[in-house]
2 protein chains.
Amino acid sequence: MMILGVVQWMQPVHGYDVRRELLNWDADKWANVKPGSIYHALRKLTEEELLREVATEQVGARPARTTYEITAKGAEEFMTLLRGNWWHLSTPPDPFMAAFSFLPVLPRPEASAALRSRAAQLQAGVERLREAQKADWFQTKPTFVSWMWELTIERSEAEIRWCERTAARIESDEPYLPTDDA
Amino acid sequence: MMILGVVQWMQPVHGYDVRRELLNWDADKWANVKPGSIYHALRKLTEEELLREVATEQVGARPARTTYEITAKGAEEFMTLLRGNWWHLSTPPDPFMAAFSFLPVLPRPEASAALRSRAAQLQAGVERLREAQKADWFQTKPTFVSWMWELTIERSEAEIRWCERTAARIESDEPYLPTDDA
DNA sequence: AGCGTAATAGCCAAACTTGACTGCACGCGC
DNA sequence: GCGCGTGCAGTCAAGTTTGGCTATTACGCT
């Protein structure tokens with residue numbers, strides 16, 4: 001629940017602002033914060049007294065929007081959460097690993113083709129990021145965003161190499177099971 | 001729902017077997033299949049007619065165990081799911097990315113220390129895997145398990161390099177915001 | 001023989017996420 | 001002057017995941 005972080009960073013804010021900011025960061029892709037979750041989270045955090053409602057204003061006949069700010073307890077909790085994720089490494093679930101563990105179920109040609117396709121997709125992602133880093137609008141963004149992207153790029157590149165190598169192994173009919181020629 | 005896969009691979013099985021096998025693969029760490037999910041999933045899949053109950057036997061006064069096997073429809077669905085995860089790459093949520101995006105909130109010394117610690121933890125993980133690959137019991141396992149671990153290792157190594165580099169940047173007081181010395 | 005601990009087998013209520021949906025206002029082309 | 005698409009602001013029900021709980025048996029150690 002790093003929604004706390006955004007609230008702290010932009011307070012006071014209302015739900016829609018948080019949503020826009022997070023979508024702007026593509027946070028729906030790499031954090032588990034899709035638009036639907038936000039309002040629920042805000043209410044739950046308020047209940048836990050980590051946030052506090054500040055006001056409820058109305059513009060025209062549109063839905064009222066409630067603005068929130070963080071409480072002292074919330075700031076503390078946020079720091080704890082944040083430190084937790086900085087210091088402890090966690091292994092997020094990776095559907096591809098899951099799929100790969102069933103390798104023998106697929107015909108070899110399909111498996112290697114899929115790996116090469118995966119490599120290509122990763123490559124495309126890398127190039128998009130590289131492009132974006134050069135773009136004008138990017139220069140106004142904090143520098144460390146660039147550092148973040150570098151991590152993504154380097155992880156991807158490692159994976160691309162692995163994909164190619166593994167595809168080659170599959171194509172060359174390396175056996176899946178150990179040949180016990182003892 | 002790659003529980004289908006395990007059931008197909010070991011049928012007929014009962015819930016506890018699936019659980020043991022998955023824990024054996026450390027699947028609770030990289031797939032979203034923790035023990036509690038299994039029985040619920042089995043029932044749900046049975047309801048959808050992707051699985052079929054085979055028998056319910058009882059040993060002593062212990063809880064009865066129900067064994068399942070996969071149906072034709074289930075096998076088909078499994079293939080679809082499997083292909084989906086082989087061909088489409090997905091970006092699983094990464095709590096570290098989330099945490100890193102709040103970099104400026106932490107004091108610089110702590111941030112760089114955390115990064116170095118992270119690198120060390122990754123390194124330890126890599127060494128454990130390397131060790132395991134050499135162990136005796138490992139030689140009986142399918143070869144492609146080794147390939148899977150290589151992916152983990154290479155991803156980790158890329159990340160280690162990034163951690164060190166980024167830690168150095170933070171220590172050398174590189175600014176977080178663009179200095180517009182235009 | 002006695003006792004603590006681990007393994008067996010499974011259930012459940014609560015929490016979390018999510019995609020889809022609602023209704024209003026505003027600017028724009030025709 | 002009139003539809004109409006788009007942005008705003010948020011709700012909701014439904015589906016998933018999960019941590020923790022129960023109760024019995026087997027086993028190792030003293």
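Reminder, nothing fancy here: chain letters follow the sequence lines and each chain counts from 1.
Between A:L45 atom CG and C:dC16 atom C1' there is a gap of 12 Å when expressed in whole angstrom units. A straight line from CD of A:E47 to P of C:dC16 spans 10 Å, rounded to a whole angstrom. Between B:L42 atom CG and D:dT16 atom C1' the separation is 15 Å, expressed in whole Å. In this structure, the CZ atom of A:R65 is 17 Å from the C1' atom of D:dT11, given to the nearest Å.
Salt bridge annotation for B:E48-B:K73: absent, with no cationic side-chain nitrogen under 4.0 angstrom from a carboxylate oxygen. A salt bridge does not link B:E49 to B:K44: none of the charged side-chain nitrogens sits closer than 4.0 Å to a carboxylate oxygen. Between A:D94 and B:R155 a salt bridge is recorded (basic side-chain N to carboxylate O distance below 4.0 Å). By the 4.0 Å N-to-carboxylate-O rule, B:E164 lies close enough to B:R116 to be salt-bridged with it.
Remark: A:K44 is not in phosphate contact with C:dA15, judged by side-chain N or O atoms under 4.0 Å from OP1 or OP2.
Other residues, nucleotides and ligands contribute over 12 non-hydrogen atoms within 6.0 Å of the CD atom of A:E110.
In the model, B:T66 has no side-chain atom that pairs as donor or acceptor with a side-chain atom of B:E53 under 3.5 Å. Side-chain contact, B:S117 with B:Q121: a donor N or O sits under 3.5 Å from an acceptor N or O.
Residue A:L122 belongs to a hydrophobic cluster whose other members are A:I160, B:L89, with links defined by side-chain heavy atoms closer than 4.5 Å.
Sorted by residue number, the members of residues 8-41 of chain B with any non-hydrogen atom under 4.0 Å from DNA chain C read B:H14, B:G15, B:Y16, B:R19, B:R20, B:G36, B:Y39.
Residue A:T66 is classed as a sugar-phosphate contact, given heavy-atom separations below 4.0 Å to backbone atoms only.
With axes fitted over five pairs at each extremity, the angle between the ends of the helix from C:dA1-D:dT30 to C:dC30-D:dG1 is 30° (10° resolution).
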